[in-house]
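Please read the structure below before turning to the comments.
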Protein chains: 4
Amino acid sequence: MPKIVDEQMREATRQHIIHEAAHEFARLGFDQANINLIAEKAGIGKGTIYLYFENKRELFLAMLRFIAQTQLAAIRGALAQNGDLQTRLEQLFLAFVRLAEEESDSFNVYMSALYGVNRAFRTEATKLLRDYVAVIAMVLEEAQARHEIHIDDVDTTALMVLSLTESFILSARVLGQSQQSLMAQATRTAQFILQGLGTPLQPE
Amino acid sequence: MPKIVDEQMREATRQHIIHEAAHEFARLGFDQANINLIAEKAGIGKGTIYLYFENKRELFLAMLRFIAQTQLAAIRGALAQNGDLQTRLEQLFLAFVRLAEEESDSFNVYMSALYGVNRAFRTEATKLLRDYVAVIAMVLEEAQARHEIHIDDVDTTALMVLSLTESFILSARVLGQSQQSLMAQATRTAQFILQGLGTPLQPE
Amino acid sequence: MPKIVDEQMREATRQHIIHEAAHEFARLGFDQANINLIAEKAGIGKGTIYLYFENKRELFLAMLRFIAQTQLAAIRGALAQNGDLQTRLEQLFLAFVRLAEEESDSFNVYMSALYGVNRAFRTEATKLLRDYVAVIAMVLEEAQARHEIHIDDVDTTALMVLSLTESFILSARVLGQSQQSLMAQATRTAQFILQGLGTPLQPE
Amino acid sequence: MPKIVDEQMREATRQHIIHEAAHEFARLGFDQANINLIAEKAGIGKGTIYLYFENKRELFLAMLRFIAQTQLAAIRGALAQNGDLQTRLEQLFLAFVRLAEEESDSFNVYMSALYGVNRAFRTEATKLLRDYVAVIAMVLEEAQARHEIHIDDVDTTALMVLSLTESFILSARVLGQSQQSLMAQATRTAQFILQGLGTPLQPE
DNA sequence: TATGAATGAGAGTTCATTCAT
DNA sequence: AATGAATGAACTCTCATTCAT
């Protein structure tokens with residue numbers, strides 16, 4: 001079965017290139033990142049990259065998709081466990097804190113793409129944003145089904161939740177807050193959201 | 001007083017360059033923006049830009065500062081009028097919706113700088129973030145002085161308010177929401193915040 | 001006799017590659033032609049070409065030789081039939097018109113090689129030129145033996161005849177003359193040559 | 001008048017670049033010629049070439065036009081003097097011999113363009129071919145006006161004359177004939193043409 | 001023998017910056 | 001002060017060729 005082995009090798013190399021590319025793109029941005037350097041760091045020849053990706057742009061997009069998958073998987077994982085809404089919102093918050101810490105490069109790349117000028121990159125980054133909203137909306141709907149809350153517009157509310165977790169965390173980090181101090185705010189933020197939704201505070 | 005006249009001329013030219021630069025940087029991003037084109041659009045010679053700005057980087061920074069001033073002035077203006085906290089939060093929300101619409105270029109430039117890779121740009125963009133938080137914190141403290149609310153950590157709360165306004169609005173716009181539908185959410189968002197802060201809903 | 005069979009197979013593959021190469025070289029020129037594409041069109045692996053030809057240059061030379069053989073065979077064939085000089089010159093002219101039409105790619109490749117910058121290619125293309133002259137010279141000598149004409153310098157005259165047929169036809173084609181209008185000039189050109197040689201016009 | 005001086009300087013530089021480019025293109029062909037090297041040989045910076053020519057292709061075309069002008073001027077000059085047709089045909093022949101010797105680079109570039117694969121280059125080279133034919137046609141018509149000859153199709157005849165001079169000379173050179181031996185054939189070729197046209201040989 | 005993945009030299013082109021005028 | 005011609009570093013991408021399988 002050399003075909004399958006080859007295919008696995010190829011996919012492994014692809015992933016490897018994407019990893020190095022992610023690092024460089026995060027460090028320097030799309031324009032300043034250097035294909036030669038990415039190849040060098042990946043331990044392959046300069047031309048080899050073009051056997052795996054059509055051009056620099058496609059490599060960047062592939063990397064964006066990879067980041068999106070990874071991040072979404074992490075967030076989904078954090079919300080997979082059962083529990084009441086407060087617990088799950090706390091889990092969501094903590095998951096984002098962890099991601100923002102461990103994958104800060106990815107977040108920078110993602111935000112740059114989301115608010116940058118390249119249309120294709122924005123489109124790709126927007127998909128992740130939509131996925132985040134969808135995942136949170138699902139959690140909210142489950143809570144609603146359990147009569148924990150009552151919401152009119154689930155999607156808008158989900159976006160508010162996302163702003164109070166992801167955006168809040170990113171801003172706080174930019175302002176210099178440590179991971180620890182951020183984690184300490186998980187409960188409080190979850191309470192803020194629940195109260196905001198009109199749900200009376202539940203005793204911890 | 002030729003000196004002063006000269007000084008005024010010089011400042012006017014500077015502002016003029018910054019304006020054209022803002023347009024190009026917003027349109028193309030820092031790397032893709034072309035100094036020659038900016039000069040041409042500003043109606044001055046290529047070399048002249050370097051009499052006003054040390055290099056491309058400094059021009060970008062000056063433009064960032066200009067954007068920050070303009071935006072902060074708009075937000076300050078929106079919060080200047082009196083009224084209870086709910087009203088002022090609504091005003092804040094509406095002000096951001098307007099800004100995001102009318103100065104969307106500036107927002108993109110600002111967000112790119114905030115989450116981009118250039119350290120100097122991040123530092124500058126962070127200042128604006130800090131200023132926003134400070135302005136909101138002041139509003140919150142005034143409300144607290146009037147016993148409308150009670151908050152422990154004013155700065156963190158201010159950042160939450162900012163996330164629920166600015167970040168929320170930007171995300172919503174990226175997802176395709178219109179200015180109108182956004183404006184319709186001002187009251188609701190303000191209520192969400194007030195409830196989140198533990199304040200019983202006030203009759204409108 | 002597997003050896004001979006193998007040898008035949010090998011020669012067949014070689015010819016096949018040359019054919020595809022001729023097409024690509026004629027279409028794009030030596031530099032722009034792509035070895036990978038030639039291999040693909042020939043239905044063989046990229047590396048296989050190098051088992052048949054040392055490098056791109058050698059492949060081009062082999063193709064030049066192939067073109068030369070084909071063309072010379074066509075011209076020889078046209079002159080093989082008997083007849084007086086006028087008839088044979090007409091045949092020569094018509095043969096070149098046909099070749100220029102049906103093998104215009106080959107002519108372009110040949111002319112590019114003849115007047116191009118690559119020394120090796122020029123040398124190869126010059127051989128064909130010499131062969132043409134030799135063939136024509138032979139015809140002239142036969143006519144001389146039959147006392148149809150009297151010439152001092154056969155080779156120079158042959159070159160003049162070649163210029164008035166091949167070069168004339170190629171130029172006319174570049175200037176847009178159709179195959180038909182060219183063919184109509186066969187008799188006239190032959191007469192021109194004969195008169196040029198000092199031979200009184202023969203009644204048709 | 002700095003404007004005019006500048007304009008003259010600019011034109012001088014342009015001509016200078018074209019000269020060096022002609023040399024390189026003749027030596028290596030379009031694809032192999034190196035813009036960097038052309039710049040270097042012209043004693044200017046690599047980027048400077050792009051202030052004078054949009055790209056490599058345009059530089060090549062400009063050079064083709066320059067060659068065409070130069071060659072056509074030489075041929076026109078040779079035919080300017082009065083004299084009977086025989087004399088003028090000899091002058092034409094000698095002019096081409098001289099050109100082929102002194103500007104052999106130009107001839108190679110021109111022929112490569114004429115029979116090469118690049119459509120734009122062919123179009124440009126064809127113009128020169130047309131001009132040659134036109135100049136010769138004019139000479140023939142003048143002779144006809146003086147009743148020296150009688151021709152039906154002037155253009156076709158002009159092309160025959162061109163083939164018997166330019167193409168003949170180029171072929172002869174490729175076959176190794178020296179300038180001297182070529183020059184010695186001027187009279188004979190002119191006679192060949194005149195006889196070919198049906199004109200009784202004039203006593204020298 | 002046949003293959004095609006991998007390689008890396010190489011080249012056209014852009015553009016921030018300089019500096020003579 | 002203002003200019004813009006000149007510069008050359010830098011970068012993406014192509015493709016002939018190699019070689020392990």
Side-chain angles (χ1 to χ4, degrees), chain A residues 2 5-6 9-10 13 28 30-40 42-59, chain B residues 6 9-10 13 30-40 42-60, chain C residues 6 9-10 13 30-40 42-60, chain D residues 2 5-6 9-10 13 28 30-40 42-59:
Chain A
V5 170
D6 275 20
M9 267 297 282
R10 188 178 163 78
T13 303
L28 298 167
F30 178 76
D31 288 289
Q32 294 290 332
N34 183 313
I35 288 280
N36 286 18
L37 197 56
I38 291 174
E40 201 178 309
I44 59 173
K46 179 178 5 174
T48 308
I49 285 196
Y50 291 89
L51 297 178
Y52 290 86
F53 304 93
E54 216 173 318
N55 51 38
K56 195 184 187 184
R57 210 186 82 126
E58 289 302 322
L59 171 57
Chain B
D6 276 16
M9 269 295 284
R10 187 177 165 77
T13 302
F30 177 76
D31 288 288
Q32 295 289 332
N34 185 320
I35 287 279
N36 291 14
L37 193 59
I38 292 172
E40 198 180 310
I44 60 173
K46 225 178 312 187
T48 310
I49 283 195
Y50 290 87
L51 299 177
Y52 290 86
F53 304 93
E54 210 175 323
N55 51 36
K56 195 184 187 183
R57 215 185 76 128
E58 291 302 322
L59 171 57
F60 189 84
Chain C
D6 276 16
M9 269 295 284
R10 188 177 164 78
T13 303
F30 177 76
D31 288 288
Q32 295 290 332
N34 185 319
I35 288 279
N36 292 13
L37 194 59
I38 292 173
E40 199 180 310
I44 60 171
K46 223 180 311 189
T48 309
I49 283 194
Y50 291 87
L51 298 178
Y52 290 85
F53 304 94
E54 211 175 323
N55 51 37
K56 195 185 188 184
R57 214 184 77 128
E58 289 302 323
L59 171 56
F60 189 85
Chain D
V5 170
D6 274 20
M9 267 296 281
R10 188 177 164 78
T13 303
L28 299 167
F30 178 76
D31 287 288
Q32 294 290 331
N34 183 315
I35 288 281
N36 287 19
L37 195 57
I38 292 174
E40 201 178 308
I44 59 173
K46 181 176 5 176
T48 308
I49 284 195
Y50 290 88
L51 298 179
Y52 291 85
F53 304 93
E54 215 173 318
N55 49 40
K56 195 185 186 184
R57 210 187 82 126
E58 289 302 322
L59 171 56

Between C:K56 and B:M9, whichever has its closest DNA chain F nucleotide further toward 5' is B:M9
What is the distance, to the nearest angstrom, from the CD1 atom on B:I49 to the P atom on E:dT17?
10 Å
Can you pull every protein N or O that's under 3.5 Å from an N or O on nucleotides 19-21 of chain F?
none

Say you draw a straight line from CD1 of C:I49 to CD1 of C:I35; how long is it, rounded to the nearest 0.5 Å?
5.0 Å
What pair of heavy atoms forms the shortest contact from B:A39 to B:G45, and how long is it?
CB-O, 3.8 Å
C:N36 CG to C:E40 CD distance, which is reported to the nearest 0.5 Å
8.0 Å
Round to the nearest Å and state the distance from D:L37 atom CG to E:dA9 atom P.
19 Å
Figure out the CG/P separation between B:N36 and E:dT13, and round it to whole Å.
18 Å
Mind checking if A:L51 touches a base, just sugar-phosphate, or nothing, with heavy atoms under 4.0 Å?
base
Are A:K46 and E:dT7 close enough that a side-chain N or O sits under 4.0 Å from OP1 or OP2?
no
For D:A39, which contact category applies under a 4.0 Å heavy-atom criterion: base, sugar-phosphate, or nothing?
nothing
C:Q32 CD to F:dC15 C1': how many Å, rounded?
11 Å
Looking at A:N34, I'd like to know whether one of its side-chain N or O atoms comes within less than 4.0 Å of OP1 or OP2 on F:dT12.
yes
Could you state the atom-to-atom distance from CG of A:L59 to C1' of F:dC13 in whole Å?
13 Å
Side chains of B:T48 and B:T13 in contact at under 4.5 Å (non-hydrogen atoms)
no
Solution key, residues 50-58 of chain A side-chain donor-acceptor pairs under 3.5 Å, sequence neighbours excluded:
unit_1: A:N55; atom_1: OD1; unit_2: A:R57; atom_2: N; d: 3.3
unit_1: A:N55; atom_1: OD1; unit_2: A:E58; atom_2: N; d: 2.9
unit_1: A:K56; atom_1: NZ; unit_2: A:F30; atom_2: O; d: 2.9
unit_1: A:K56; atom_1: NZ; unit_2: A:D31; atom_2: O; d: 3.3
unit_1: A:K56; atom_1: NZ; unit_2: A:A33; atom_2: O; d: 2.9

Quick one: bend of the helix from E:dA2-F:dT21 to E:dT21-F:dA2 from 5 pairs per end, to 10°?
10°
Name the nucleic acid region contacted by B:N55, choosing base, sugar-phosphate or nothing; use a 4.0 angstrom heavy-atom cut-off, strictly under.
sugar-phosphate
Whole angstrom value for the distance that separates C1' of F:dT14 from CG of C:D31:
13 Å
DNA chain E nearest-nucleotide lookup for B:E54 and D:F30: closer to the 5′ end is D:F30
I need the CD-C1' distance between D:E58 and E:dT13, as an integer number of Å.
15 Å
Hey, does B:Y52 reach any base, or is it just sugar-phosphate, or nothing, if we go heavy atoms under 4.0 Å?
sugar-phosphate
For DNA chain E, whose closest nucleotide is more 5', that of B:R57 or that of D:R57?
D:R57
Within this structure, what is the CZ-to-P distance between D:F53 and E:dG12, rounded to whole angstrom?
15 Å
Judged by nearest nucleotide, the residue sitting upstream toward the 5' end of DNA chain F, D:I44 or B:T48, is B:T48
